[in-house]
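Bear in mind that the values here come from a model prediction, so they are computed numbers and not experimental data.
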Amino acid sequence: MRRFSIEDEVHAEWQGDFKSFDEALAELQRRAAIPWDFPPNKCPCTGWKTCERIYTVTEFIVGDESFTPQNEYEVLSVSSQGVKWLQGFESYGESTSHNNP
């Protein structure tokens with residue numbers, strides 16, 4: 001069984017665990033519709049007005065005590081400059097072998 005975690009890479013902030021990549025992606029699609037200066041997109045640092053969140057999705061195997069990431073993708077950037085979907089993750093969710101039943 002696999003687990004997919006969303007993390008804000010810039011602030012090393014865990015954002016939640018999901019049963020599939022597609023569920024994590026759906027959460028990021030929800031966040032993409034939220035303004036950059038409102039939670040959960042508002043950065044936690046004092047320079048939040050000029051900072052950004054870069055959301056990653058990391059795949060782990062449940063029960064692996066080493067917590068070694070199997071895959072990690074930068075998916076979404078949110079800042080005062082806008083929302084930017086990052087390149088390279090698109091084909092991952094299309095493969096059902098990476099999603100839990």
Can you find a pair of side-chain heavy atoms, one from V57 and one from E59, that are under 4.5 Å apart?
-> no
Residues passing the side-chain contact (heavy atoms from CB on, under 4.5 Å) test with K42, sequence neighbours excluded, are W48
Does V75 share a hydrophobic cluster with V83, counting links as ILVMFWY side-chain heavy atoms below 4.5 Å and allowing steps through other members?
-> yes
When rounded to the nearest 0.5 angstrom, what distance separates OH in Y55 from CG in L86?
-> 12.5 Å
When rounded to the nearest 0.5 angstrom, what distance separates OH in Y73 from CD in Q87?
-> 14.0 Å
Side-chain heavy atoms of T58 within contact of F4, under 4.5 Å | no
Rounded to the nearest 0.5 Å, how far does OG of S77 lie from CH2 of W36?
-> 12.5 Å
Any donor-acceptor N/O pair, N41 side chain to I34 backbone, under 3.5 Å = yes
Mind checking side chain to side chain donor-acceptor pair (under 3.5 Å) for T50 and listing every partner two or more places apart, or none if nothing turns up?
-> none
Would W85 end up clustered with I54 when hydrophobic side chains under 4.5 Å apart are linked, directly or stepwise?
-> no
Heavy atoms only: give me the nearest I6-A24 pair and the separation to one decimal.
-> CD1-O, 3.6 Å
Mind jotting down which residue pairs meet the side-chain hydrogen bond (donor to acceptor under 3.5 Å, both in side chains) criterion with at least one end in residues 4-16? Sequence neighbours excluded, please.
-> R3-S5, S5-D17, D8-H11, D8-R53, E13-Q15, E13-R53, W14-D17, Q15-R31
Hydrophobic cluster (4.5 angstrom, side-chain heavy atoms) - remaining members for I61 = none
Sequence neighbours excluded, which residues qualify as side-chain contact (heavy atoms from CB on, under 4.5 Å) partners of S79?
-> E52, Q81
Side chain to side chain donor-acceptor pair (under 3.5 Å) partners of T56, counting only residues at least two apart = none
